[in-house]
Amino acid sequence: QVQLVESGGGLVQAGGSLRLSCAASGRTFGSRTMGWFRQAPEKEREFVAAISWNGGNTNYADSVKGRFTISRDNAKNTVYLQMNSLKPEDTAVYYCAADAISHRTVVVATRGDYAYWGQGTQVTVSS
């Protein structure tokens, strides 16, 4: 099993920055693609960013390219999402997710490809 716990959410002004963390348990963490998704009220959960098991490849939603950076530290069993130039439309609950399989070469961006999810952390961006 893979267990995930997000932290770092909060209230920030537009244009500001925030860094989310996802602490993982399970020995397979270092061999799985990790992703970030977000869900605004009454909207579908959408893909934000993902990083391959070795950190060599990343994938970003068009809406966050150039502003968000995903990274991971396998030694600390942690994945991060650095969010800069935040906009009010970034307001959502952010979820950390782990790939259903190990050592995938393609950095997937579909909810169905992820089998493990954290509880989510709220990010609110004020104008």
Side-chain angles (χ1 to χ4, degrees):
Q1 291 187 2
V2 177
Q3 294 179 303
L4 310 171
V5 179
E6 304 95 335
S7 63
L11 176 64
V12 64
Q13 292 184 342
S17 299
L18 205 60
R19 188 178 183 87
L20 304 183
S21 297
C22 174
S25 63
R27 292 186 179 277
T28 60
F29 169 80
S31 63
R32 299 178 185 270
T33 290
M34 299 296 296
W36 286 96
F37 289 75
R38 66 187 182 186
Q39 186 167 16
E42 301 182 357
K43 293 185 178 180
E44 293 293 310
R45 191 169 300 185
E46 65 176 358
F47 171 77
V48 176
I51 185 168
S52 62
W53 66 273
N54 64 355
N57 295 290
T58 57
N59 191 6
Y60 296 93
D62 290 340
S63 60
V64 305
K65 287 181 179 178
R67 299 189 299 121
F68 290 10
T69 302
I70 188 171
S71 62
R72 69 190 297 164
D73 187 339
N74 289 349
K76 296 182 178 180
N77 293 329
T78 303
V79 62
Y80 306 95
L81 184 68
Q82 178 66 47
M83 304 183 293
N84 298 326
S85 301
L86 283 163
K87 305 175 180 180
E89 50 262 46
D90 294 319
T91 296
V93 176
Y94 283 71
Y95 297 90
C96 178
D99 198 342
I101 64 175
S102 299
H103 298 106
R104 194 197 298 266
T105 57
V106 177
V107 185
V108 293
T110 303
R111 287 186 299 166
D113 290 318
Y114 293 85
Y116 309 98
W117 299 83
Q119 86 289 346
T121 185
Q122 177 70 46
V123 172
T124 302
V125 184
S126 62
S127 60

Side-chain ion pair, D62 and K65, N-O less than 4.0 Å: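 Yes, D62 and K65 are salt-bridged.
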Polar side-chain atom of [X] near backbone of [Y] as donor-acceptor pair, under 3.5 Å:
X	Y	answer
N59	V107	yes
E6	C96	yes
N74	S31	no
Q119	V5	no
Q39	A92	no
R67	S63	yes
R72	S52	yes

Specify the closest pair of heavy atoms between [X] and [Y], including all atoms of both residues, with the distance to one decimal.
X	Y	answer
A50	T33	CB-CG2, 4.3 Å
S71	V79	O-CG2, 3.1 Å
Q82	S17	NE2-CB, 3.9 Å

For the [atom1] atom of [X] and the [atom2] atom of [Y], what is their distance to the nearest 0.5 Å?
X	Y	atom1	atom2	answer
T69	N84	OG1	CG	6.5 Å
Q122	L11	CD	CG	9.5 Å
D99	I51	CG	CD1	13.0 Å
T121	R38	OG1	CZ	14.0 Å
S7	Y94	OG	OH	15.0 Å
M34	L81	CE	CG	12.0 Å

Taking the side chain as every heavy atom from C-beta outward, state whether [X] and [Y] have any atom pair closer than 4.5 Å.
X	Y	result
V123	D90	no
V125	M83	no
D73	Y80	yes

Joint hydrophobic cluster, L20 plus Y60, side-chain heavy atoms closer than 4.5 Å: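 In one cluster with L20: Y60, yes.
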Check against side-chain contact (heavy atoms from CB on, under 4.5 Å), L86 and F68: CA-CA 9 Å; L86 283 163; F68 290 10; 3.9 Å; yes
Residue that, paired with Y114, satisfies ring-ring contact (aromatic ring centres under 6.0 Å, His included) out of Y95, F37, W36: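 Exactly one candidate clears the test, F37.
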Neighbour count >12 (heavy atoms, 6.0 Å) for atom CD, E44: no
